[in-house]
Number of protein chains: 2
Amino acid sequence: MKKEFRSGCPISSALDIVGDKWTLLIIRDMLVKHKKTFKAISDSDEKIAPSILAARLRMLELYKLIFKTKRIENKKENIYLLTEKGMGLTPIIIEFSLWGNSNLQEFNDIDAVDGLSIDKTLIIKAVQDSYYAAVLSRWRSASNIYDESIILGD
Amino acid sequence: MKKEFRSGCPISSALDIVGDKWTLLIIRDMLVKHKKTFKAISDSDEKIAPSILAARLRMLELYKLIFKTKRIENKKENIYLLTEKGMGLTPIIIEFSLWGNSNLQEFNDIDAVDGLSIDKTLIIKAVQDSYYAAVLSRWRSASNIYDESIILGD
DNA sequence: TAATATTGCTATTAAATTAAAAGTAAAAAT
DNA sequence: ATTTTTACTTTTAATTTAATAGCAATATTA
């Protein structure tokens, strides 16, 4: 658990884990779109192949950016949730969104991102709070099970 | 100039350009380490292959994140400089550095990053100002030439 | 209860990308 | 004039990605 890193540089090391075309999109789906299952993530606009998604989820679990659980009533479906480490990527996701929005309009039709004029730290906090309230609050460590019977929005 | 983007999502579009293991490291070398030549970037800790570096520089120029120039006195050596779009990646670089530093210590020996306790926006401004003063200030658009005869630190 | 559909993958194969190494031409330095 | 440096390109091999099909377990529907 050492040779997969090209150097001791924190930027380089972060890129060794999330530096590819798919990993941060999976995090975006979970964090911003509140997706929790293999199927839901598979159905994104960008059409990730199942083999790649499976490999990435395995790797994200290995580095503890996500963890896997189940609903009480469903033995089959896996529920993927972000850990603190994973939620810590929020600022990176936000900065990518801001940069893409400001710098790529001449090359691609970029979807409008609303609320970009608000202060960045507020956006980051809002995204994290929303993920916590809408998704993570249903996680009960007592039984290591994801319990959607707690009725909340989403 | 449209089909290289997977969707209209700004995050996805940003990743279509800088979402790989090398591109942001090249930007780091230029922005933080003030590297300006093919050779200097080749000599980084992470040992990028010349074929990949050449391809990335070409692509960064295409998307106007960098531009290429020469010194008055050297006909051979190319000088690569960041544009505004390229410098706009500073917050992303900083966030990667902070995240890597806080979250990967258990997997890799991460180099100490000094001054992390300072406010983020100050770090971002400091990095950008430093790049401007130490590197970009020598760019004279009159002759489209990089002029190092302006004596400044670095 | 039986048939059908869904989910979460794995397996397979083809295509594309990356990595490593060597080579080259022009210019710079000695 | 010779050697070295720079900025690449070329080549080939290895790895990764992409697309598709398949499959077992579970869940849903009839």
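This structure is a prediction, so every number in the text was calculated from the model and none was measured. Quick note on labels: first sequence line is chain A, next is B, and so on, each numbered from 1.
Among the atoms of the strands shown, none is found under 4.0 Å from any heavy atom of Arg71(B). Among the atoms of the strands shown, only primed sugar atoms or phosphate atoms (P, OP1, OP2) are found under 4.0 Å from some heavy atom of Asn74(A).
Of the residues in residues 47-57 of chain B, those lying under 4.0 Å from DNA chain D by heavy-atom distance are Pro50(B), Ser51(B), Ala54(B).
With distances taken from any side-chain atom of Glu77(A) to the nucleotides dA27(C), dG8(C), dT6(C), the minimum falls on dG8(C). Out of dC9(C), dA27(C), dC8(D), the shortest distance to the side chain of Tyr80(B) is found at dC8(D). Comparing dA27(C), dC9(C), dT7(C) against the side chain of Asn78(A) picks out dC9(C) as the nearest. Of the candidate nucleotides dC9(C), dA7(D), dT5(D), dC9(C) has the atom lying nearest to any side-chain atom of Phe38(A).
Under 4.0 Å is where a charged nitrogen must lie from a carboxylate oxygen, and between Arg71(B) and Glu77(B) at least one such pair does. With salt bridges taken as basic N to acidic carboxylate O contacts below 4.0 Å, one links Arg56(B) and Asp20(B). A salt bridge links Lys85(A) to Glu106(B): at least one charged side-chain nitrogen sits closer than 4.0 Å to a carboxylate oxygen.
Between the CD atom of Glu73(B) and the P atom of dT5(D) there is a distance of 19 Å, given to the nearest Å. In this structure, the CD1 atom of Ile26(B) is 13 Å from the C1' atom of dT18(C), given to the nearest Å. The interatomic distance linking Arg58(A) (CZ) with dT17(D) (P) rounds to 13 Å, in whole Å. Atom CG of Leu15(B) is separated from atom P of dT17(D) by 14 Å (rounded to the nearest Å). As a whole-Å value, the separation of Asp16(B) CG from dA16(C) C1' is 16 Å. The nearest whole Å value for the distance from the CZ atom in Arg6(B) to the C1' atom in dA19(D) is 16 Å. Per the geometry, CD belonging to Glu46(B) stands 15 Å off C1' belonging to dA19(C), to the nearest Å. Atom NZ in Lys70(B) sits roughly 8 Å away from atom P in dC8(D) (whole-Å rounding).
Phosphate contact (OP1/OP2 of dA19(C), side-chain N/O of Trp22(B), threshold under 4.0 Å): present. Distances shown here put every side-chain N or O of Lys76(B) at or beyond 4.0 Å from the OP1 or OP2 atom of dT6(D).
Phe107(B) pairs with exactly one of Asp109(B), Ile110(B), Leu104(B) by the side-chain contact (heavy atoms from CB on, under 4.5 Å) rule, that one being Leu104(B).
The closest side-chain donor-acceptor pair between Ser7(A) and Glu46(B) falls under 3.5 angstrom.
No more than 12 heavy atoms of other residues, nucleotides or ligands lie within 6.0 Å of NZ in Lys75(A), so this atom counts as exposed by the packing criterion. More than 12 heavy-atom neighbours from other residues, nucleotides or ligands sit within 6.0 angstrom of CD on Glu61(B). Within 6.0 Å of CD in Glu84(A) there are 12 or fewer heavy atoms belonging to other residues, nucleotides or ligands.
For the pair Lys75(A) and Asp20(A), nearest-nucleotide mapping onto DNA chain D gives the more 5' position to Asp20(A).
The base of dT17(D) lies outside donor-acceptor range of the side chain of Lys21(A), with no N or O pair under 3.5 Å.
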